[in-house]
Structures are given as C-alpha cells and as structure tokens.
Peer 1: 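Provided herewith is a single structure, encoded as structure tokens, for subsequent inquiry.
Bear in mind that the values here come from a model prediction, so they are computed numbers and not experimental data. When a ligand or atom number is given, it counts from 1 through the structure's own listing order.
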Amino acid sequence: MNNRYDVVVVGGGPAGLMAAGKAAMDGGKVLLIEKMEKPARKLRITGKGRCNITNLKPLDEFLDEIHPDSHFLRDAFKEFFNTQTVQFFNDRGVKTVVERGQRVFPESGKAREVSDALIRWAKSHGVEIVCYASGYTIAIEEGKVKGINIGLTEGKRSLLHTVECSGVVLATGGKSYPATGSTGDGYALARECGHTIVTPRPSLVGVETDPVLTDAAGLFLKNVNLALVVNERLKAEEFGEMELTPFGLDGPIVVRHSRTIVDAVDKGNRVDLHLDLKPALSEKQLVARIQREIQANPRDALTGIVRKLLPQELVYTLIDSLGLAAQKPARRISSGEIEAMVGWLKKVPFRVTAYRGWDEAIITSGGVSLKEVNPRTMESRIVKGLYFAGELLDLDGSTGGYNLQIAFSTGWLAGKSVAAALQHE
Ligand SMILES: Cc1cc2nc3c(=O)[nH]c(=O)nc-3n(C[C@H](O)[C@H](O)[C@H](O)COP(=O)(O)OP(=O)(O)OC[C@H]3O[C@@H](n4cnc5c(N)ncnc54)[C@H](O)[C@@H]3O)c2cc1C
C-alpha cells in the first residue's frame, strides 16, 4: 500500500467494487480497503448462493419496490440500471437467466461467479485491493477530504497507516449478517463527518409469533396468502411462499411484509398476520370440497379428511387448534365442525411478538440520510470529496434483486463522480 492515491474506497462489497472499478476505469489511482480476509463475502451468499443480480421490471415498477425515497435513485439508474447490469456481467463471461418475477440470476446458479467477475474487472482497471484493512477515520480540512486513517491487521499485529487522497467512497454496507463484515462501521465514519444517520433497523426479516406451529416447523408453504393487520386494520396482503419456523414465520411473503411490521412493532402497535392456506377457494367452495371428501370417504377418520386438505405436518395442528376428535368417523363430522375447519384454513391467526435480529435480516433499512447526499453524484453535501454507495445509504428494496441493483447503480455513479471531480482539481 502506498501513501498517496486519488481515491480510497472503503468496503469491498458490490457497491465498493463497482465504485472502485469505475473510478479506476475513468483514470483514477484507486485503493479499495476491505476489512475481511477477502472482498464480497456477502455477495457470495446472496440468493441462497445463486445471487439474484437484478430485476428486469421497468423503471417505475422497480422504483415502487424501494423505500423510503426511491426517486433519489433516478439519476443513478439513468447512468446504470438493470439492463446495463445484465450486459456488464454478460460481457465478463457471466451468462444470465431470467426467472419468475423478472429476477435475473447467473445461469450457472453460482453467486461466486458474479463476485469473481466483479473483482477481476476492478483489478483489470488497476484497483489495488487490500484486505484486513479497516477505514478508521477520515481526515478533513476546510470541508474537504484530505486522507484516511486505515487500521491494518497483520497476524496478531495491528498497524495504523495514513493515506492521502482527495476522494473517499464509503461503501461499508449495513448491519445485517455481521459475520460477512457488514457491522455498521460506516455509520460511525459518516457521523464523524457530520452526517445524520436514520436509525438502522433489520429488514427483510422473519418474525416471532404466538402461536408457533412447532409440529410443522421447517415446513415450506406454497401458494398461500398472508394478510398483515396492524391495530386491527388490514395493511397489506402478499401471495406466494413462506416458511413455518421454530420461532414463528419466515420466507418470501413474510419478509415482504417485514418493513411495515418492524416499524409497527417498534411503535408498540399490535401486529397480526392472518394466513389463508386455501386462497384459491372461497369459504363456500371449501365447505363443498370438504363435504365431497366426506361423501367419498365416509369410513375415514377425521385425520384422513384433513390430510386431503393439508400437508401431514399441519393435520394435528388444525385438529388440536379446533379441539376436534382426531379419530371421529368422517360421516359424523358436523356442519359446525366443517365450518370451523374452513374458518381455520382461511384464517390461521398469528400475533407478532417480535422480529428476528441482525444475524437473520437480509438487509438494513435506515442509514445515511438521503437529504445530505447529492443524488446526481452520490457526493456528501457536507464534506467535499466524500461519497456514499450501497446499503449504507437510507435505501432498501424488497426481495427480487433490487438491493444489489441499488449497490451496483450507486457504486457506479459514485465511482464516475469521484473520478470526474479529479479532473477539476
Ligand atoms: C443472505 C442474504 C441474501 C441476499 N440475497 C440477495 C439477492 O439475491 N439479491 C439482492 O439484490 N440482494 C440480496 N441481498 C442483499 C445484498 O447482499 C446487499 O444489499 C448488498 O450486498 C449491499 O452491498 P454493499 O456493497 O452496499 O454492502 P456489503 O455487501 O455489505 O459490503 C460491505 C463491505 O464493506 C466491508 N466493510 C465494512 N466496514 C468496513 C471498514 N470499516 N473498513 C473496510 N471494509 C469494511 C465489509 O466487510 C463488506 O465486505 C442479500 C443479503 C443477504 C444477507
């Protein structure tokens, strides 16, 4: 590591690698510091190891999936959006496929291919990547970046190294999955530079509930509907897949509700989730369906009838929840009991007692306040030469490839802007 660079990028995730590569491509002498043993640890585990790179929805629909102020991203998306992301990786030998919901994955199904391509690209433009190196403090003089103090770990030794530079890009990510290196360091760095941090909260996260369907823990449910009710008012509904866990509920449709749930729980509101296990059938149709099963199998026990409607793991959950007699012959099931079964199948009630923590949250909502960052450049409005990219910013997307696109787009724009600023020095 030298003592002087044009630009130092802090954090080797997708945002930092993109920023560093673009700044170097545009002529900057760039150092990227990563505090872990290698860059892009989180990127390697994205999409259950398959990496949902982006989403091909048109701009307006894409923006609908991002909070709290997706318009902040319009300029970044003008520079580098979803089709550019796909082209970028295709050009670097990563073939891609488009799956349900316009989600893009590498054809190989290997997230590693994506991280390797990004690292190779950044290096090919001359980015120097140093690992076990943490950004500690940013040196500022007269409102301008002058350098950065870096903590280097060499075996058991820790050294402090000062680097002069005129641009710093902070891309340290959020606080979720801290074992990957995203421990929230960037909030303290940004705060020291005068920035406001919107309180970071876990997002895209599972919930703890009462009751917990313990017998069915681990069961994945498909084609179900989950209604979110806050203070007894319906807030939203999601259709799709979810998982019953030893603590409560998780999986795609649960985490899609989680932003609202986390806010409501933090405010002390009552939060309920109502699970419809048979959304394709009305109550009337479901009554008729159960009556048909009873007529066709009059000698079966109640368990046999319920089994025709539900996975085995949920059979006794329904029977016990309603206090029914498991061995009752089908022909003796009363219309009241049929109605009760239908009621449960259409609305399994869960009270949310808590949300899960940073170790399980897919992303962080909150972060560096957007009001203090110029959306045209990603530069700080407080300190000249300081730029932000990725999840560190107060932006978060839904599941479906939106968060990586935020990282790629803001990283690209920060890299382009910091390099352009060098020309004017
Ligand atoms: C399990 C999981 C699956 C996911 N799957 C998807 C998916 O399929 N699609 C999608 O769009 N999004 C997905 N995401 C979200 C996505 O991974 C993140 O939004 C994205 O990685 C954010 O990129 P980033 O570069 O801003 O931050 P990060 O990827 O968090 O990278 C930040 C880097 O900075 C380093 N760092 C931190 N502090 C310092 C410091 N002081 N000095 C030096 N380095 C530092 C960290 O070690 C880390 O390498 C997933 C997240 C998780 C946890």
Peer 1: Which ligand 1 atoms are under 4.0 Å away from a heavy-atom of A407?
Peer 2: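 Near A407, meaning under 4.0 Å from one of its heavy atoms, ligand 1 has 23 (O).
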Peer 1: Heavy-atom contacts with M36 under 4.0 Å: which atoms of ligand 1 show up? List them by number with element.
Peer 2: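 Every atom of ligand 1 under 4.0 Å from some heavy atom of M36: 47 (O).
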Peer 1: Name the closest protein heavy atom to atom 48 (C) of ligand 1, giving the residue it belongs to and the distance to 0.1 Å.
Peer 2: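 That would be E34 OE1, 3.5 Å.
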Peer 1: Any atoms of ligand 1 less than 4.0 Å from a non-hydrogen atom of G390? List them with their elements.
Peer 2: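 Answer for ligand 1: 26 (O).
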Peer 1: Nearest non-hydrogen contact with atom 53 (C) of ligand 1 belongs to which option: F408, Y132, Y177?
Peer 2: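 Nearest option to atom 53 (C) of ligand 1, by heavy atoms: Y177.
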Peer 1: Looking only at protein heavy atoms, identify the closest one to atom 31 (O) of ligand 1 and say how far it is in Å.
Peer 2: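 It is G13 CA, 3.4 Å.
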Peer 1: With distance as the sole test, does R41 use its side chain to make a donor-acceptor pair with the main-chain N or O of K38 at under 3.5 Å?
Peer 2: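 Side chain of R41 to backbone of K38, a donor-acceptor pair under 3.5 Å: no, none is there.
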Peer 1: Could an N or O of ligand 1 be found under 3.5 Å from any N or O of I53, whether backbone or side chain?
Peer 2: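 For ligand 1, there is no N or O atom that lies under 3.5 Å from one belonging to I53.
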Peer 1: Looking at Y402, which atoms of ligand 1 are within less than 4.0 Å of one of its heavy atoms?
Peer 2: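 Taking each heavy atom of Y402 in turn, ligand 1 has 11 (O) under 4.0 Å.
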Peer 1: Please verify whether a non-hydrogen atom of G400 lies at under 4.0 Å from ligand 1.
Peer 2: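 Judged by the 4.0 Å heavy-atom criterion, G400 does not count as contacting ligand 1.
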Peer 1: Salt bridge between K22 and D26, side-chain N to carboxylate O under 4.0 Å?
Peer 2: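 Salt bridge between K22 and D26, a charged N being under 4.0 Å from a carboxylate O: yes.
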Peer 1: For atom 41 (N) of ligand 1, what's the nearest protein heavy-atom neighbour? Residue, atom name and distance, please.
Peer 2: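 Ranked first by proximity to atom 41 (N) of ligand 1 is D185 OD2, 2.9 Å.
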Peer 1: If we only consider heavy atoms of L392, is any one of them less than 4.0 Å away from an atom in ligand 1?
Peer 2: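 Distance cut 4.0 Å: L392 fails for ligand 1.
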Peer 1: Please list the nearest protein heavy atom to atom 26 (O) of ligand 1 with its residue and the distance rounded to 0.1 Å.
Peer 2: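 Going by distance alone, atom 26 (O) of ligand 1 is nearest to E391 N, 2.8 Å.
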Peer 1: Test: side-chain hydrogen bond (donor to acceptor under 3.5 Å, both in side chains). Region: residues 131-146. Which pairs qualify, not counting sequence neighbours?
Peer 2: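 Of all non-adjacent pairs touching residues 131-146, those that pass side-chain hydrogen bond (donor to acceptor under 3.5 Å, both in side chains) are T137-N149.
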Peer 1: For Y187, is the NZ or CZ atom of R191 found under 6.0 angstrom from the centre of its six-membered ring and inside 45 degrees of the ring axis?
Peer 2: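 Output no; distance or angle outside limits.
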Peer 1: Taking atom NZ as the centre, does K29 end up with more than 12 heavy-atom neighbours from other residues, nucleotides or ligands that are less than 6.0 angstrom away?
Peer 2: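 More than 12 heavy atoms, drawn from other residues, nucleotides or ligands, come within 6.0 Å of this atom.
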Peer 1: Considering only the protein, which heavy-atom contact is closest to atom 15 (C) of ligand 1, and what is its distance?
Peer 2: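 Nearest protein contact, heavy atoms only, for atom 15 (C) of ligand 1 is I363 CG2, 3.7 Å.
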Peer 1: Can you tell me if L204 has a non-hydrogen atom under 4.0 Å from ligand 1?
Peer 2: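 Distance cut 4.0 Å: L204 fails for ligand 1.
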Peer 1: From M341 CE over to I290 CD1, what is the distance, rounded to the nearest 0.5 angstrom?
Peer 2: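 That separation rounds to 4.0 Å.
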Peer 1: When you check the gap from the basic side-chain N to the acidic O, do K57 and D64 get nearer than 4.0 Å?
Peer 2: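 A salt bridge is absent here (no side-chain N lies under 4.0 Å from a carboxylate O).
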Peer 1: Does K42 qualify as a cation-pi partner of Y177, given the criterion of NZ or CZ under 6.0 Å from the six-membered ring centre and within 45 degrees of its axis?
Peer 2: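 No, K42 does not sit over the ring of Y177.
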Peer 1: Regarding atom 4 (C) of ligand 1: of the candidates T46, T410, I148, L17, which has the closest heavy atom?
Peer 2: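 Among T46, T410, I148, L17, the closest heavy atom to atom 4 (C) of ligand 1 belongs to T46.
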Peer 1: Which option, L404, D396, I362, owns the non-hydrogen atom nearest atom 51 (C) of ligand 1?
Peer 2: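 Minimum heavy-atom distance to atom 51 (C) of ligand 1 goes to I362.
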Peer 1: Between K110 and E113, is there a side-chain N and carboxylate O pair less than 4.0 Å apart?
Peer 2: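 Salt bridge: no.
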Peer 1: Does L43 have a heavy atom less than 4.0 Å from any atom of ligand 1?
Peer 2: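 In this structure, L43 fails to qualify as a contact of ligand 1 - no heavy atom is under 4.0 Å.
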Peer 1: Just which atoms of ligand 1 are under 4.0 Å from any heavy atom in A133?
Peer 2: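 So the answer, numbered in order with elements, is 42 (N), 43 (C).
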Peer 1: Hey, is the main chain of R4 close enough, under 3.5 Å, to the side chain of N2 for a donor-acceptor pair?
Peer 2: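 Here the side-chain-to-backbone pair does not exist.
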Peer 1: For residues F408 and F81, establish whether the separation of their ring centroids is below 6.0 Å.
Peer 2: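 Not under 6.0 Å, so no.
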Peer 1: If you measure every N or O of G174 against every N or O of ligand 1, does any of those distances drop under 3.5 Å?
Peer 2: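 No.
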Peer 1: Using atom types as modelled and distance alone, determine if a side-chain donor or acceptor of E34 lies under 3.5 Å from a backbone N or O of M36.
Peer 2: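 Such a contact is found between E34 side chain and M36 backbone.
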Peer 1: Counting the benzene-type ring for Trp, do F388 and H195 have ring centres under 6.0 Å apart?
Peer 2: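 Yes: the rings meet the under 6.0 Å criterion.
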Peer 1: Side-chain polar contacts of residues 359-366 - donor-acceptor pairs under 3.5 angstrom, sequence neighbours left out - could you list them?
Peer 2:
unit_1	atom_1	unit_2	atom_2	d
E360	OE1	R356	NE	3.2
E360	OE2	R356	NE	3.3
E360	OE2	R356	NH2	2.8
T364	OG1	K175	N	2.9
T364	OG1	S176	N	3.4
T364	OG1	E391	OE2	3.4

Peer 1: Could you say whether the N/O atoms of T183 and ligand 1 ever approach to under 3.5 Å?
Peer 2: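 No, T183 has no N/O under 3.5 Å of an N/O on ligand 1.
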Peer 1: T180 heavy atoms, cut-off 4.0 Å: which ligand 1 atoms fall inside?
Peer 2: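 So the atoms of ligand 1 that pass are 47 (O).
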Peer 1: Any N/O of S182 closer than 3.5 Å to an N/O of ligand 1?
Peer 2: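 There is such a contact, yes.
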Peer 1: For ligand 1, is R41 a contact, meaning one of its heavy atoms is under 4.0 Å away?
Peer 2: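 The answer is no: ligand 1 sits nowhere under 4.0 Å from a heavy atom of R41.
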Peer 1: Starting from atom 23 (O) of ligand 1, what is the nearest protein heavy atom, named by residue and atom, and what distance separates them?
Peer 2: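 Of the protein heavy atoms, P14 CG, 3.3 Å lies nearest.
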Peer 1: Quick one: nearest non-hydrogen protein atom to atom 34 (O) of ligand 1, plus distance?
Peer 2: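 Residue, atom and distance for the closest contact: G11 CA, 3.2 Å.
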Peer 1: Return the minimal non-hydrogen interatomic distance between V254 and L249, and the atom names on each side.
Peer 2: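 Residues V254 and L249, closest heavy atoms: CG1-O, 3.7 Å.
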Peer 1: Between F62 and Y402, is the ring centre distance below 6.0 Å?
Peer 2: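 Yes: the rings meet the under 6.0 Å criterion.
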Peer 1: State the atoms of ligand 1, each with its element, that fall below the 4.0 Å cut-off from a heavy-atom position in I33.
Peer 2: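 It comes down to these atoms of ligand 1: 43 (C), 44 (N).
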Peer 1: Among E65, E238, E237, which one satisfies salt bridge (Lys or Arg N to Asp or Glu O under 4.0 Å) with R256?
Peer 2: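 Answer to the salt bridge (Lys or Arg N to Asp or Glu O under 4.0 Å) test with R256 among E65, E238, E237: E238.
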Peer 1: Considering both backbone and side-chain atoms of K35, is one of its nitrogen or oxygen atoms within less than 3.5 Å of a nitrogen or oxygen in ligand 1?
Peer 2: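 Among all N and O atoms of K35, at least one is under 3.5 Å from an N or O of ligand 1.
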Peer 1: Any idea which atoms of ligand 1 are less than 4.0 Å away from a heavy-atom of V10?
Peer 2: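 Heavy-atom distances to V10 below 4.0 Å select 40 (C), 42 (N), 43 (C).
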Peer 1: Quick one, E99 and R50 - any side-chain contact, counting heavy atoms below 4.5 Å?
Peer 2: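 Contact flag for E99/R50 side chains = yes.
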Peer 1: Return the residue, atom name and 0.1 Å-rounded distance of the protein heavy atom closest to atom 5 (N) of ligand 1.
Peer 2: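 Here the nearest protein heavy atom works out to G47 N, 3.0 Å.
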Peer 1: From atom 36 (N) of ligand 1, work out which of G186, G181, G151 has a heavy atom at the shortest distance.
Peer 2: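 Among G186, G181, G151, the closest heavy atom to atom 36 (N) of ligand 1 comes from G181.
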Peer 1: Should G135 be listed as contacting ligand 1, given a heavy-atom distance under 4.0 Å as the test?
Peer 2: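 Yes.
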